[in-house]
Amino acid sequence: MSRLVAADAAGVALAAAALRAGQLVVFPTETVYGLGANALDAQALRAVYAAKGRPADNPLIVHCVDTAACRRLAAAWPQAAQSLADAFWPGPLTLVLPRARPDTDAVAGALATVALRVPAHPVARQILAAAGVPVAAPSANRSGRPSPTRVADARADLGDAVAVYVDGGPTDVGLESTVVSLATAQPTMLRLGGIPLAELERVVGPVAVATRAGTGPAAAPGMKYRHYAPRAPVRVLPAEFPCNWDAGAHAGAAYVVSRESAAVLGLRGEGVRVPGARSDAAAWGRDLYAALRDLDTPGRPVIYVEAIPEDGLGASVMDRVRRAAEGANGPSGPDRQA
Ligand code: TXA
Ligand code: MG
């Protein structure tokens, strides 16, 4: 049986003890909830893959209490790593680096690299400090589903596979961390996320962007899989939305739309979610996954999502929206890999 605990001293102690005992713990980070396991414990890591239904070739991010602890797991620590860590840790950035042995053998196996992150959420930091081990933690969803931004979403997906769920309330960023590889000749962004590209470039200069087309550097292994998708199909609304949109012609459809569009069309009620203004990408990031889960009721024919401007965090939001749409509708572009 699993236990749901508050994010107080007793809950943190229980979570840390469970991690040390090789059990799985769901805990809040500032991005999304993580499904944590002791990164040094190969058997616990196998349980993570089983609980998520995650493909074995998709590696996990290791979470450490501070930069020094992360650095011990890297075999090389270029100046760019120090600069990015100084600028963004603790926070929603993951760095991929050549891995140090033997402490990354269990989590990275055949890979030459390891993904490292120092989370900013105070509860995550308390659990990491109390556990005293690095903690591997993918997002706490079943593989392919929207990441959980509330503890109830993680429980709905993972149930009794997890020993302890720590309830830290809704997460702040709502999108996963940005993943940057420093194991490549030039810093390369493998996944968009909580830190926008322009902010990275302000710190380390030009950053290459991995594509799925096979022409540039390869994206993070996980990015080739179906992702972030509710059961109902997701469709991105056309660029001219809300012009020429006849809401009456889409019975039963749900909407994730801006405050402006909701007002123009008079959209409101059970099937309508309004994360914020079109320009408020942070609010969209915070609410997107919860909206997709809440609107995904049985028999829902479609969830329409408005496109927001793709600057800053807006690019990360739209990356997830498109992947959710692709996941539900099958391949949608020439760069689809799997
Ligand atoms: O915000 C986050 O990053 C959340 C919270 C819980 O920290 N975690 C998360 O983990 O999103 P996950 O497992 O859902 O996504 C990890 C991503 C995957 O796309 C994976 O392929 C990539 O990081 N990754 C992990 N290790 C890697 C490596 N050695 N090289 C390249 N990509 C890697
Ligand atoms: Mg994930």
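For ligands, and for the atoms within them, numbers begin at 1 and follow the listed sequence. Counting begins at 1 with the first residue of the sequence.
- The aromatic rings of H63 and F27 sit perpendicular to each other, their planes meeting at more than 60°, with 30° as the lower class boundary.
- When hydrogens are left out, the protein atom nearest atom 22 (C) of ligand 1 is A220 CB, 3.6 Å; that is the closest non-hydrogen contact.
- Surrounding CG of D86 are more than 12 heavy atoms belonging to other residues, nucleotides or ligands, all under 6.0 Å away.
- One option in G193, S177, A124 has a heavy atom closer to atom 2 (C) of ligand 1 than any other, and that option is S177.
- For ligand 1 and L190, the ligand atoms under 4.0 Å from any heavy atom of the residue are 31 (C), 32 (N).
- When only modelled atom types and interatomic distance are considered, Y228 and E326 share no side-chain donor-acceptor pair under 3.5 Å.
- Counting protein heavy atoms only, atom 32 (N) of ligand 1 is closest to P221 CD, 3.2 Å.
- In terms of protein heavy-atom proximity, atom 5 (C) of ligand 1 is closest to T31 OG1, 3.5 Å.
- When R273, R235, R278 are each tested for a salt bridge (Lys or Arg N to Asp or Glu O under 4.0 Å) with E306, only one passes: R278.
- Of all protein heavy atoms, the one closest to atom 6 (C) of ligand 1 is G34 CA, 3.5 Å.
- The nearest pair of heavy atoms linking R320 to L288 is CB-CD2, 4.0 Å.
- When all heavy atoms of P55 and Y49 are compared, the pair lying nearest together is O-CE2, 3.4 Å.
- With a heavy-atom cut-off of 4.0 Å, R54 touches ligand 1 through its side chain alone.
- Checked options V135, T104, V114; the residue passing with V62 is V114 (criterion: side-chain contact (heavy atoms from CB on, under 4.5 Å)).
- Look at R99 and you'll find every heavy atom at least 4.0 Å from all atoms of ligand 1.
- Among the atoms of N141, no N, O or S atom falls under 2.8 Å of the Mg ion (ligand 2).
- Taking every non-hydrogen atom of T113 and a distance limit under 4.0 Å, the qualifying atoms of ligand 1 come out as 28 (C), 29 (N), 30 (N).
- The closest protein non-hydrogen atom to atom 15 (O) of ligand 1 is R191 NH1, 3.0 Å.
- The nearest protein atom to atom 14 (O) of ligand 1, hydrogens excluded, is given as S139 OG, 3.0 Å; this is a heavy-atom distance.
- With G91, A108, A137 as candidates, the residue nearest to atom 8 (N) of ligand 1 on a non-hydrogen basis is A137.
- The protein non-hydrogen atom at the shortest distance from atom 7 (O) of ligand 1 is H63 NE2, 2.6 Å.
- Closest to atom 16 (C) of ligand 1, if we only count protein heavy atoms, is I61 CD1, 3.5 Å.
- The shortest non-hydrogen separation linking L190 to S181 is CD1-CB, 3.9 Å.
- The shortest N/O to N/O separation between R117 and ligand 1 falls below 3.5 Å.
- Among all heavy-atom pairs drawn from T178 and G194, the shortest one is OG1-N, 3.3 Å.
- Distances from atom 18 (C) of ligand 1 to the heavy atoms of T94, N58, V114, T188 put N58 nearest.
- Comparing P138, S181, P59, G36 against atom 27 (C) of ligand 1, the shortest heavy-atom distance belongs to P59.
- Within 6.0 Å of CZ on R259 lie no more than 12 heavy atoms contributed by other residues, nucleotides or ligands.
- Nearest approach of N141 to K52, heavy atoms of both residues: O-NZ, 3.0 Å.
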